[in-house]
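So the structure is just underneath, and the comments pick up after that.
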Amino acid sequence: MRFCLLDADYEIRDGKPIIRLFGVDAKGKALITKDDYQPYFYVLPKNKDKLKEKLNTIKMVRGIEEVKRKLGLNEREFLKVFVDLPQNVPLTRDEIKHSPLVEECYEYSVNFYKRYLMDKKFYPLDWLEADDKKIIKVTGGMPKLKVLAFDIEVVDDKIIMISIADNDGCMKLLTYKKAKNAEVLKNEGEMIKRFVKLVNDNDPDIIVTYNGDGYDFEMLRKQADAYKIDLAFGRDKSSVKFAKRAHMSSARIFGRVHIDLFKFVNNILSPQLQSEIFTLNEVATELIGEGKDELSMEDIIILWKSDVDRLAEYCRNDSLLTVKLAQKMLPQIFELSKLSGQLPFDCSRLTYGLLVEWFLIRKANELGYIVPNQPHWNEIQKRRELRPYKGGYVIEPRQGLHDDIAVFDFRSLYPSVIVTYNISPETLNCKCCKGGHKVPESNNYFCRKRQGFVSGLVKELIDKRMEIKEMMKTSGSDDKKQLDEQQKAVKIIANAAYGFFAYAGARWYCRECAEAAAAFGRESIKQSISAAEDYGFAVLYGDTDSLFVKLKKAGNIEKEAGSFLEKINKSMPGMIELELQGIYKRGLFVPQKIGAYTAKKRYALIDNKGKLLVRGLETVRKNWCDAARHLQHDVLRLVLNKKEKDAVRLVKETVERVSRRCIDIKDLVIRTQLGKSLDEYKATGPHVALARKLEKEGHIIREGMVMSYVITTGKGSIAERAAPSDKVKLDDYDVDYYLNHQIITVALRVLQVLGYKEEDFATKESSERFAKK
DNA sequence: TACGGACGGGG
DNA sequence: GGGTACGTCCGTA
């Protein structure tokens with residue numbers, strides 16, 4: 001049979017590990033094929049023969065082979081130790097790791113299915129041909145995959161609604177109250193059972209969610225456990241497995257690839273997005289130009305009581321939006337899978353650093369290198385404690401409002417720097433050439449004679465990207481689209497290499513390499529900046545990899561930005577490339593230091609369509625009250641539309657309304673989650689103080705509960721004055737707190753830059769309060 | 001000033 | 001077999 005590889009794992013059958021490969025054939029039919037493979041790891045022996053004797057006494061060991069592999073730049077002789085079961089690889093290593101016969105063990109923590117794919121040189125989305133004897137790679141295009149998205153709604157810890165949508169748009173809505181176009185079930189348990197059946201009937205290859213690992217599947221598991229329902233989503237009727245991963249569990253389904261789009265956005269895509277907020281609404285708006293009406297938790301509770309039809313519509317729209325977003329993002333995930341060799345399931349959940357790491361691991365394997373071991377926990381800690389090295393070059397922002405701004409992006413600079421100066425752990429201060437590439441402001445240098453492992457691979461990536469871009473020029477629109485996804489994937493991995501050198505958990509960690517790349521980078525960026533100034537731009541702000549400019553004299557910013565880029569890219573060495581990130585009508589720049597604390601990038605831009613791009617200012621999260629949250633956004637929008645006076649008036653109005661208690665108390669509610677059980681708290685924040693009070697009154701307080709409170713007048717710390725939001729009357733709230741810690745704080749973030757002080761927002765009602773301070 | 005704790009996404 | 005990110009900002013001590 002011939003199939004396109006989508007997923008893999010292994011099972012133990014009759015005491016033997018069996019690899020299972022999952023995929024679809026040309027007609028889109030799901031297939032599973034199995035293969036035998038033997039787990040192993042490498043040992044660098046001190047005494048080869050004696051070690052072999054010792055290994056042969058270990059029951060788990062099934063065979064030993066002598067092999068030559070490269071360790072760094074040198075070829076060494078290793079023992080390849082085969083064991084019976086994958087889980088016995090680390091156990092066998094434990095038995096010999098302290099032996100005087102062993103210098104070091106390697107590759108003992110590579111998952112068995114990854115080991116198999118790596119050794120066979122199988123990449124996800126490869127077409128494989130399997131017969132009774134063996135599996136070989138063949139050619140084939142992209143198969144048609146059935147994609148299904150789902151979304152749940154929850155009220156009071158109960159799932160009240162589930163919607164599903166697939167790539168044909170066909171949908172289903174399950175609930176247990178009467179609703180239009182819904183399938184109405186008897187209760188929550190029946191609904192979950194029905195959902196499981198629907199998924200199996202629909203038989204998707206890919207299941208997509210938005211934060212399904214962190215929420216929907218967790219919630220389903222909890223409720224299914226309560227009703228003793230088996231979440232048998234697997235193609236073999238197996239239940240969903242919750243794999244413990246680095247920081248959260250991932251919902252894994254046999255035979256179907258569960259892709260959590262939020263994880264991919266958060267881990268990989270976020271640096272390339274304009275938005276700093278990664279809600280489904282924001283991300284979908286940016287990527288597919290389609291958003292959604294957002295409902296608050298309270299809204300959902302109210303709608304469940306009063307307007308189930310509308311809630312159903314909301315729920316439907318969420319799964320539909322998720323499936324549309326998947327159509328946009330899956331090609332990107334697949335291209336990264338093809339490049340890094342990681343299964344789409346893993347690839348969509350890897351962090352930036354691990355994505356590079358797995359790319360390097362597979363390449364190392366293919367080039368005959370032994371993969372360096374992961375650093376030990378104490379080594380990672382040691383790396384983290386090192387003082388930070390000098391990073392990117394920062395130009396302090398020119399505080400205030402500016403018109404007609406061009407933003408240039410230097411991000412492709414780092415891969416070019418790594419290649420140009422051969423920056424790699426093995427080429428650092430080599431013995432062969434004392435006159436290597438010297439690092440600015442340092443005594444370190446990099447080899448000129450031998451290509452480094454990492455720098456060589458980054459070079460391949462850059463060359464590949466050039467090739468793809470060349471191909472794009474002569475290809476049709478469908479091919480072009482796929483090629484574009486390919487070049488983006490290449491760019492993602494190439495760009496991540498720099499950060500990877502400084503990532504404390506990295507196998508190819510090299511602080512000197514990161515330092516060097518930063519130093520060479522600073523040099524080149526400074527050159528680009530002076531070129532921009534010579535051209536006639538005023539530099540408004542720059543930080544590491546981005547540059548904000550406006551024209552010194554009147555002119556067309558878009559035209560000038562274009563011709564500047566053309567000019568500078570001709571004079572830039574090698575692959576160094578400056579890109580235009582965008583043109584903006586107006587921008588507000590906030591200095592990095594406000595009062596006592598410093599912050600990174602803080603600015604807000606507005607484009608010609610009136611769309612806002614906000615960085616570093618949107619600290620207004622759920623532990624702020626709605627009044628403050630909305631005020632900051634409105635103030636920003638007004639300021640960027642040159643309606644500064646209106647902004648100030650709005651702040652004054654809000655101050656006045658808060659002072660006069662002419663405000664809806666629900667706009668003053670602050671929410672904070674209890675992250676642990678009450679007795680574990682050392683510090684008593686407002687939410688903890690309130691929770692303790694409620695517990696004494698006989699309420700049951702559990703970890704994970706969200707406390708909703710309002711700060712009231714009275715004596716003591718803020719914490720002592722937090723009262724449950726549903727008990728607070730309009731006369732109770734603390735005007736001072738809401739003005740000075742919420743409303744004015746948030747307004748000043750923006751307006752301080754334009755020279756305003758808190759006195760400027762004083763009204764008759766509030767001036768007395770300011771005078772007192 | 002240092003440090004504990006929460007935030008993110010989802011509902 | 002491998003540690004619950006990680007950078008930021010609030011409030012308390």
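Within every chain, numbering begins at 1; the chains are lettered A, B, ... in the order of the sequence lines, protein sequences first and strands thereafter.
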Applying side-chain contact (heavy atoms from CB on, under 4.5 Å) to Ser296(A) and not counting sequence neighbours gives Glu298(A), Asp299(A)

Determine: side-chain N/O of His376(A) to OP1/OP2 of dG2(C), distance under 4.0 Å, yes or no. no

Centre-to-centre under 6.0 Å for His258(A) and Phe233(A), is that the case here? no

If anything within 90° of 0 is syn and all else is anti, what is dG11(C)? anti

Confirm from the modelled atom types if Tyr108(A) and dG2(C) form a donor-acceptor pair under 3.5 Å, side chain to base only. yes

Verify whether the ring centers belonging to Tyr40(A) and Phe112(A) lie closer than 6.0 Å. no

What is the distance, to the nearest angstrom, from the OH atom on Tyr738(A) to the C1' atom on dC10(C)? 14 Å

Could you give the distance separating dG4(B) and dA5(C) at their P atoms, to the nearest angstrom? 15 Å

Residues two or more places apart in sequence or in another chain: which of them pass salt bridge (Lys or Arg N to Asp or Glu O under 4.0 Å) with Arg692(A)? none

Nucleotide-level pairing of DNA chain B, given in dot-bracket where Watson-Crick and G-U pairs need both distances under 3.5 Å and | marks other strands: ||||||||...

Show me the side-chain donor-acceptor pairs of residues 704-712 of chain A shorter than 3.5 Å, one per line, residues at least two apart or across chains.
| residue | atom | partner | partner atom | Å |
| --- | --- | --- | --- | --- |
| Tyr709(A) | OH | Thr672(A) | OG1 | 3.0 |
| Thr712(A) | OG1 | Arg721(A) | O | 2.9 |

On the nucleotide dG9(B), are OP1 or OP2 found under 4.0 Å from the side-chain N or O atoms that Thr279(A) carries? no

Please report the distance separating the P of dG3(C) from the corresponding atom of dA6(B), rounded so that it comes out in whole Å. 23 Å

Lys172(A): what forms a side-chain contact (heavy atoms from CB on, under 4.5 Å) with it, not counting sequence neighbours? Ile164(A), Leu174(A), Glu183(A), Arg194(A), Leu198(A)

Whole-Å gap separating P (dG9(B)) and CD (Glu276(A)): 10 Å

Residues forming a side-chain contact (heavy atoms from CB on, under 4.5 Å) with Ala504(A), sequence neighbours excluded: Ile380(A), Arg383(A), Arg384(A)

Those residues at least two apart in sequence (or on a different chain) that pass ring pair (Phe, Tyr, Trp, His ring centres under 6.0 Å) with Tyr393(A) are none

Atom-pair distance (CG on Leu325(A); C1' on dG9(B)), nearest Å: 13 Å

Would you jot down, in residue-number order, the residues of residues 293-305 of chain A having a non-hydrogen atom under 4.0 Å from DNA chain B? Met297(A), Ile300(A)

Could you pull out every donor-acceptor pair under 3.5 Å between side chains of residues 310-317 of chain A and any protein atom, sequence neighbours left out?
| residue | atom | partner | partner atom | Å |
| --- | --- | --- | --- | --- |
| Glu313(A) | OE1 | Arg316(A) | NH1 | 3.0 |
| Tyr314(A) | OH | Lys292(A) | NZ | 3.3 |
| Arg316(A) | NH2 | Lys180(A) | O | 3.0 |
| Arg316(A) | NH2 | Asn181(A) | O | 2.9 |

Between dG2(C) and dG9(B) - C1' atom distance, rounded Å: 27 Å

